[in-house]
Amino acid sequence: MKERNKPKKGRTLPASFYLESDVVLVAKRLLGKFLVTNIDGIRTGGMIVETEAYAGVTDRASHAFGNRRTKRTEVMYAKGGVAYVYLCYGMYALTNVVTHSRDVPHAVLIRGLQPAEGIAGMLKRSGKSKIAPRFTAGPGLLSRALGILPSHSGLPLSGPKLVLEDRGVVVAEDEIVASPRVGVDYAGEDARLPWRFRILGNYWTSPAS
DNA sequence: ATGTCGATTTGCT
DNA sequence: GCAAATCGACATA
């Protein structure tokens, strides 16, 4: 079974993947998984190389801190396995994976993607003619390249528009770099939690460090 | 009704 | 390195 010599065939992640109660663990497990979108007839996708965990109610950095249940955050309260997408700074959509059971608003922000398929489509969406450095390195950039919009918030990650797949890539524990999350200075103590995870040495991780 | 501010990115100094 | 871009969600009234 030389899996690596076969064409890469993705296996959609099972519902159980998202029900794990430890969102930090899910954030690590998402490294090496593939996020594929099929939006406006264009199929694009890549490997997740950077994530951040947001632990809901008790996490000052989370939009759901203090059990703040609003129109925007409502999707995070859904059962794990859907996307939470919101508009940041008025111009960038940020994509999250909702985890845990219903009514527990945990989520994992996808911060870095290594382009894998549909490169032409991604370039078109980003208004570029060739792959620039850090093309999909950053949550706003990768969301744009994949065509993900705030209106897609709440869609399942098991298709048809959004799909999260396992393609057999294994990321060992010692290949995972943990560090504090980015851009959450407002979160006080919680801003120091080492809940940002990257694949060691991967080029496609976000700029801020 | 109004004011503040972002889980970012880019361009200019 | 710093500030602008840009708009909806949220808080306050």
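Naming: A, B, ... by sequence-line order, numbering from 1 per chain. Since the model is a prediction, treat every value here as computed from it, not as a measurement.
For the pair A:R144 and A:Y186, both in contact range of DNA chain B, the more 5′-proximal nearest nucleotide belongs to A:Y186.
The side chain of A:L141 approaches B:dT9 more closely than any other nucleotide in the set B:dA7, B:dT9, B:dT8.
Following rounding to the nearest Å, A:E52 (CD) and B:dA7 (C1') show an atom-to-atom distance of 6 Å. The interatomic distance linking A:D185 (CG) with B:dG6 (P) rounds to 9 Å, in whole Å. When rounded to the nearest whole Å, the span between OH of A:Y89 and C1' of B:dA7 equals 8 Å. Per the geometry, OH belonging to A:Y92 stands 6 Å off C1' belonging to B:dT8, to the nearest Å. A:F197 places its CZ atom 19 Å from the P atom of B:dA7, with the value rounded to the nearest Å.
Comparing C:dG1 with B:dA7, their P atoms sit 23 Å apart, to the nearest whole Å.
Taking CG from A:L157 and OG1 from A:T37, the interatomic distance works out to 11.5 Å, rounded to the nearest 0.5 Å. A:E50 CD to A:S179 OG: the interatomic distance, rounded to the nearest 0.5 Å, is 7.5 Å. Once rounded to the nearest 0.5 Å, the distance linking CZ of A:R60 with CZ of A:F65 reads 4.0 Å.
A:L109 and A:L13 fall into different hydrophobic clusters, defined by Ile, Leu, Val, Met, Phe, Trp and Tyr side-chain heavy atoms under 4.5 Å apart, directly or through other members.
Pairing of B:dA1, defined by two Watson-Crick or G-U wobble distances under 3.5 Å, is identified with C:dT12.
The aromatic ring of A:Y54 is stacked on the base of B:dA7, with the two ring centres less than 5.5 Å apart and the planes inclined by under 30°.
By the 6.0 Å and 45° rule, A:R72 does not stack over the aromatic ring of A:Y84.
Under 4.0 angstrom from either OP1 or OP2 of B:dT8 there lies at least one side-chain N or O belonging to A:R111.
Scanning DNA chain C 5' to 3' for nucleotides with an atom closer than 4.0 angstrom to a non-hydrogen atom of chain A gives a first and last hit of C:dA5 to C:dA11.
Annotation for A:V171 and A:L31: closest pair CG2-O, 3.6 Å, computed over non-hydrogen atoms.
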